[in-house]
Amino acid sequence: ADTLGAAAAEKGRYFGAAVAANHLGEAQYAATLDREFNSVTPENEMKWDAVEPNRGSFSFSRADQIVDHAQGKGMKVRGHTLVWHSQLPGWVSGLGATDLRSAMNNHITQVMTHYKGEIHSWDVVNEAFQDGGSGARRSSPFQDKLGDGFIEEAFRTARAADPNAKLCYNDYNTDGVNAKSNAVYTMVRDFKSRGVPIDCVGFQSHFNPNSPVPSDYRANLQRFADLGVDVQITELDIEGSGQAQATNYGNVVRACLAVTRCTGITVWGIPDKYSWRSSGTPLLFDDDYNKKPAYDAALSAL
Ligand code: XIL
């Protein structure tokens, strides 16, 4: 196959991209998306501040634009994200524990119900663990007011809202075996042993010279898969250029394919000019939508 999506599909996987609604009107952006990818993740449009800016008042129009576009082209949609400390409206952080718990559960239920049956995988909870060696939870309104149990509660609420969506925990700096990924691993193992509904773990995979593709990336994906969950590469971008960047992209794709339960890869943007990293060239297409060496390496690894 000669596109990322078609080549991944031949391997039983999806190959997706993060999409911003405000770029869909750009002809080359839409053409590249439609040609190459078979899954999309709204880059910001499904986050709490976008869909529930005020308590109980939901606005889905920007996210719907992306979902409608994707469905019109036969692409699947990843949901990102329901419970996260960032891009969280101020009214949420201002709530006391009782209100916060009901606001969290209501948010999950309303958003998942709006998209019921339309999302293949949801990032139910994003980035709940601290960086560094502690393996501790990150401070957030949810963690600080509801305690460790908020993650489990979010997953149980999510399962009830859309029983057919795969429910994922998603994080960064968990791509190799380290203290942070060990902490996530311990949580997932505990959830599986107690029947807490979790189906997948997302590995953001934002790589740069300070945080390169780990040599034990495949082994780390495999140990999570061995717990009985799918694994997904959810926000891939790799700083660099030329052959070095290409080699890294090829290695990431091969790592996913080597793990039976690695069900798909999403890159965090299409052309370099729209990357969330304002400087740098971490994506597969240059600013004019030309395929980079990284693209060729990803495609030929599939
Ligand atoms: C980023 C978006 O790409 C930016 O446009 C936005 O300003 C900030 O968020 N981890 C995540 C993503 O889970 O939601 C983040 O996306 C990148 C880091």
Side-chain angles (χ1 to χ4, degrees), residues 16-26 29 33 37 39-53 62-63 65-67 77-90 92-93 107-108 111 115 119-132 137-143 151 154-155 158 166-176 180-181 184 198 200-208 210-213 231-239 252 264-285 287:
V19 165
N22 59 316
H23 299 316
L24 285 173
E26 186 184 330
Y29 181 92
L33 169 64
F37 298 98
S39 173
V40 307
T41 305
E43 186 173 357
N44 290 297
E45 292 80 351
M46 286 184 180
K47 292 173 181 174
W48 198 315
D49 61 353
V51 297
E52 194 187 7
R62 301 295 272 169
Q65 239 180 292
I66 295 175
V67 173
V77 183
R78 267 198 110 254
H80 177 76
T81 179
L82 295 163
V83 181
W84 188 28
H85 65 276
S86 187
Q87 293 175 271
L88 186 66
V92 182
S93 4
H107 181 78
I108 293 168
V111 177
Y115 292 111
I119 305 289
H120 67 81
S121 312
W122 264 111
D123 289 331
V124 177
V125 175
N126 196 33
E127 301 182 355
F129 286 84
Q130 267 178 38
D131 283 333
R137 297 294 186 83
R138 175 199 293 271
S139 171
S140 73
F142 307 104
Q143 180 66 34
I151 301 184
F155 276 86
K166 300 270 190 200
L167 307 181
C168 303
Y169 176 79
N170 191 54
D171 214 326
Y172 68 96
N173 285 352
T174 49
D175 313 297
K180 188 175 179 183
S181 68
V184 176
I198 185 168
C200 38
V201 176
F203 298 84
Q204 292 185 11
S205 304
H206 295 293
F207 296 124
N208 58 64
N210 295 322
S211 167
V213 182
V231 296
Q232 301 176 353
I233 296 168
T234 52
E235 304 182 15
L236 178 63
D237 50 19
I238 310 178
E239 198 45 82
V252 168
I265 299 172
T266 299
V267 287
W268 206 242
I270 301 173
D272 283 332
K273 64 181 173 181
Y274 295 145
S275 168
W276 71 304
R277 291 171 158 171
S278 45
S279 63
T281 55
L283 296 172
L284 298 175
F285 295 88
D287 292 355

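Counting starts at 1 for both ligands and their atoms, in listed order. From a predicted model like this one, the values you see are computed outputs, not experimental measurements.
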Would you check if the side chain of [X] reaches a backbone N or O of [Y] as a donor-acceptor pair within less than 3.5 Å?
X	Y	value
Glu45	Glu43	yes
Arg138	Glu127	yes
Ser121	Lys166	no

- Task: Indicate whether any N or O donor in one side chain lies under 3.5 Å from an N or O acceptor in the other, for Asn210 and Glu239.
- Result: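 No.
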Just checking, any donor-acceptor pair under 3.5 angstrom between side chains of Asp175 and Gln204?
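On atom types as modelled, these side chains do not qualify, holding no pair under 3.5 Å.
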Sorted by chain and residue number, the ring-ring contact (aromatic ring centres under 6.0 Å, His included) partners of Tyr172 (sequence neighbours excluded) come out as none
Between ligand 1 and the protein, find all N/O pairs closer than 3.5 Å and give the distance for each.
{"unit_1": "ligand 1", "atom_1": "3 (O)", "unit_2": "Glu43", "atom_2": "OE2", "d": "2.4"}
{"unit_1": "ligand 1", "atom_1": "3 (O)", "unit_2": "Trp268", "atom_2": "NE1", "d": "2.9"}
{"unit_1": "ligand 1", "atom_1": "5 (O)", "unit_2": "Glu43", "atom_2": "OE2", "d": "3.3"}
{"unit_1": "ligand 1", "atom_1": "5 (O)", "unit_2": "Asn44", "atom_2": "ND2", "d": "2.9"}
{"unit_1": "ligand 1", "atom_1": "9 (O)", "unit_2": "Lys47", "atom_2": "NZ", "d": "3.2"}
{"unit_1": "ligand 1", "atom_1": "9 (O)", "unit_2": "Gln87", "atom_2": "OE1", "d": "3.2"}
{"unit_1": "ligand 1", "atom_1": "10 (N)", "unit_2": "Glu127", "atom_2": "OE2", "d": "3.1"}
{"unit_1": "ligand 1", "atom_1": "10 (N)", "unit_2": "Gln204", "atom_2": "OE1", "d": "3.2"}
{"unit_1": "ligand 1", "atom_1": "10 (N)", "unit_2": "Glu235", "atom_2": "OE1", "d": "3.0"}
{"unit_1": "ligand 1", "atom_1": "13 (O)", "unit_2": "His80", "atom_2": "NE2", "d": "3.3"}
{"unit_1": "ligand 1", "atom_1": "13 (O)", "unit_2": "Asn126", "atom_2": "ND2", "d": "3.0"}
{"unit_1": "ligand 1", "atom_1": "13 (O)", "unit_2": "Gln204", "atom_2": "NE2", "d": "3.4"}
{"unit_1": "ligand 1", "atom_1": "13 (O)", "unit_2": "Glu235", "atom_2": "OE1", "d": "3.3"}
{"unit_1": "ligand 1", "atom_1": "13 (O)", "unit_2": "Glu235", "atom_2": "OE2", "d": "2.7"}
{"unit_1": "ligand 1", "atom_1": "14 (O)", "unit_2": "Lys47", "atom_2": "NZ", "d": "2.7"}
{"unit_1": "ligand 1", "atom_1": "14 (O)", "unit_2": "His80", "atom_2": "NE2", "d": "2.7"}
{"unit_1": "ligand 1", "atom_1": "16 (O)", "unit_2": "Lys47", "atom_2": "NZ", "d": "3.3"}
{"unit_1": "ligand 1", "atom_1": "16 (O)", "unit_2": "Trp268", "atom_2": "NE1", "d": "3.3"}

